[in-house]
**Student:** 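Starting off with a structure, shown below.
Lettering follows sequence order; numbering is per chain, from 1. This one's a predicted model, so the numbers in the text were calculated from it and none came from an experiment.
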Amino acid sequence: MGSDVRVRFAPSPTGHLHIGNVRTALLNWLFAKHSNGTFVLRIEDTDPERSKDEYIGLIYDDLRWMKLDWDEGPDVGGLYGPYRQSERFDIYRRYAKKLLDTGKAYHCYCTPDELDTMRKEALARNESANYPGTCRNLTDEQKAAFEKEGRKPVVRFRVPEGDVKFNDLVKGEIQFDTSNIGDFVIMRQEGIPMYNFAAVVDDHLMKISHVIRGDDHVSNTPRQILMFNALEVPLPQFAHIPMILGPDRQRLSKRHGATSLDEYRDNGYLAETLVNFLSLLSWSSQSGDEILSVERLIEEFDFGRVSKSAAVFNPDKLNWMNGQYIRNTETATLTKLVLPMFQQAGYDISNKERIHQIVTVLQEKVEFLEQMVGHAKIFFQDHISITDPEARAIIHKDSAQKVLWSFLRELRSIGQLDIDIFRDIMKHVQKETGIMGKDLWMPVRVALTGEIHGPELPSVISLLGKEQCEKFVQEIVGDYR
RNA sequence: GGCGCGUUCGUCUAGCGGUUAGGACGCCGGCCUCUCACGCCGGUAGCACGGGUUCGAUUCCCGUACGCGCUACCA
């Protein structure tokens, strides 16, 4: 926190964090770390309709899992709290009054219904759907009349004429003509602030230096700049990062499958993967490298290298990257994550050393941890049933029977079984039967696992142990004699 | 409708006036003498379109098309 850089992540507590939000949080965090600045977590829960308290905990969990730690926030406090907007309503009212007093905002008595019909009529006439300024210059008498009717006013911002220009750190210079912006509501009838207004007040009060958010907010920016100006406070810098899209180029949503962070966590994606992958959506390292540690991301992050266009979320590449991380992660770490999944599947996890070995074998094969459950099935069977037609065909061959009988005899003749001994055994079997290659190995694989695919056989036999192997082979040669 | 933003292989992207347009994922083929996977090697495929500016445009400008966003008493 050695610099004046202060950024904020300001989610609405509506559930688990969405991939897009996580990316916004991540880029804010990366920029804060890169600049030695402060990362503020602010909860935007002004709308009682959609905000739920219990969801705030979910947001903490998601952020913590990603290791995106915040310096100020509702739970840790800070100099500029409270950090929940629902606890700052008096502040917004005070600022609204300030604007009202200086004539930069005014009361509007139009009802939602009236607004709606006005909008429809305007559209029908092919005119702008913006608020036409009906209550812009109400006399005291008119106001009194409305009040007498029992109407409760909203507060509207009086949009001044002119151009609003700003230099976006990602998109460059952007300009708006305010004639395209209608006077907008900053305080609802119930005295609840609108998002645009609360954000401006808070960004100012919390001394936010850089507003980093999705580019769906670009069009909101001129409104906010107008409000900063009306409040006569300095402007933050803006950086609008591109949207994340689904394969159909529509904004990423539930229809596209897993979009909520916890789904990835539950399926055994690693937090490091998500950090790496999400940072690469619309940003790239100058080096061209794609597997980047968080330290490197922090070091190299730069708005100049954030692309301007939206990015389609590519699950295939995420899977590939997660596989990379799984292969490079300590087996013990993976085991800890896999244990509950195995337990859930009903596997016997009492032998931790064995589980560790299984994970060692499987971490070379999977793209996400949940896949280990299926692959591990062969290590927890106490009977082999062969359902795959291809496997049955293999085991039915005469040569297979020869191999298995020979293999069984060898097994019985040895004291214990390990990888080297297994290799010797297979050599003997080959010599004795004259069978080699596929015809030699596949029957053993099928007999031991019931499958035609799986980890390399030496790993399988050492995990199964002599007794299991003997039992399985015996059962098979018995069944198919 | 108005306004804003965007457009390089299927996808993520590099490129910041002169390149055989590079990399990654995916896909295809090959190799690793049991399979799948991993790994390695090779291949496939792209500058939306039309005008300018320039000796020269993927790159700069304008227009068109398409996509997305905003236009709420949601955020």
**Student:** To the nearest Å, give me how far apart CG (Asn319(A)) and C1' (A37(B)) are.
**Tutor:**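 Interatomic distance, CG of Asn319(A) to C1' of A37(B): 14 Å.
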
**Student:** Let's see if you can work this out: which of C70(B), G6(B), C38(B) has an atom nearest to the side-chain heavy atoms of Asp216(A)?
**Tutor:**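 Selected nucleotide: C70(B).
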
**Student:** Counting only Watson-Crick or G-U wobble pairs whose two distances fall under 3.5 Å, which nucleotide matches U59(B)?
**Tutor:**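 Partner of U59(B): none found under 3.5 Å.
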
**Student:** Closest approach to the side chain of Glu190(A), judged atom by atom: which nucleotide of U13(B), G26(B), C73(B) is it?
**Tutor:**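 The answer is C73(B).
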
**Student:** Tell me whether the centres of the aromatic rings in Phe31(A) and Phe303(A) are closer together than 6.0 Å.
**Tutor:**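 That pair passes the under 6.0 Å test.
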
**Student:** Under the criterion ring pair (Phe, Tyr, Trp, His ring centres under 6.0 Å), I'd like the reasoning laid out for Phe277(A) against Phe313(A): C-alpha separation, chi angles, the key distance, then a yes or no.
**Tutor:** CA-CA 10 Å; Phe277(A) 183 76; Phe313(A) 184 84; 5.6 Å; yes

**Student:** Over how many whole Å does the gap from Asp168(A) atom CG to G69(B) atom P extend?
**Tutor:**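 To the nearest whole Å, that distance equals 18 Å.
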
**Student:** Any non-hydrogen side-chain atom of Ile435(A) less than 4.5 Å from a side-chain atom of Gln430(A)?
**Tutor:**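 Ile435(A) does not reach Gln430(A) side chain to side chain.
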
**Student:** Among G69(B), C73(B), G15(B), find the nucleotide with the atom closest to the side chain of Arg251(A).
**Tutor:**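 From the listed options, G69(B) comes nearest.
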
**Student:** Regarding Pro455(A), tell me which of base, sugar-phosphate or nothing describes its non-hydrogen contacts under 4.0 Å with the strands shown.
**Tutor:**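 It contacts base atoms.
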
**Student:** Is it true that, when you exclude His16(A) itself, more than 12 heavy atoms of the residues, nucleotides or ligands shown sit nearer than 6.0 Å to its NE2?
**Tutor:**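 Yes, the 6.0 Å shell around NE2 holds more than 12 heavy atoms from other groups.
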
**Student:** What is the nucleic acid contact for Asn220(A), judged by heavy atoms within less than 4.0 Å: base, sugar-phosphate only, or nothing?
**Tutor:**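 Answer is base: heavy atoms of Asn220(A) come under 4.0 Å of a base.
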
**Student:** In terms of side-chain heavy atoms of Arg188(A), which of G15(B), A75(B), U35(B) is nearest?
**Tutor:**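 For the Arg188(A) side chain, the nearest candidate turns out to be A75(B).
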
**Student:** Once you round it to whole Å, what is the distance between C1' of U7(B) and NZ of Lys171(A)?
**Tutor:**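 These atoms are roughly 11 Å apart.
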
**Student:** Please report, rounded to the nearest Å, how far the P atom of U11(B) is from the CG atom of Asp248(A).
**Tutor:**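 From Asp248(A) CG to U11(B) P: 12 Å.
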
**Student:** With heavy atoms under 4.0 Å as the rule, sort Leu245(A) into base, sugar-phosphate or nothing.
**Tutor:**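 Here Leu245(A) touches no strand at all.
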
**Student:** Classify the nucleic acid contact of Met194(A) as base, sugar-phosphate or nothing, counting any heavy atom under 4.0 Å across all strands shown.
**Tutor:**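 Since only primed, P, OP1 and OP2 atoms lie under 4.0 Å of Met194(A), the category is sugar-phosphate.
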
**Student:** Checking base pairs now: Watson-Crick or wobble, both atom distances under 3.5 Å. What partners C40(B)?
**Tutor:**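 Across all strands, the one nucleotide that pairs with C40(B) is G30(B).
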
**Student:** Counting heavy atoms from C-beta on, name the nucleotide in G2(B), C12(B), G15(B) closest to the side chain of Arg249(A).
**Tutor:**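 So the side chain of Arg249(A) is nearest to C12(B).
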
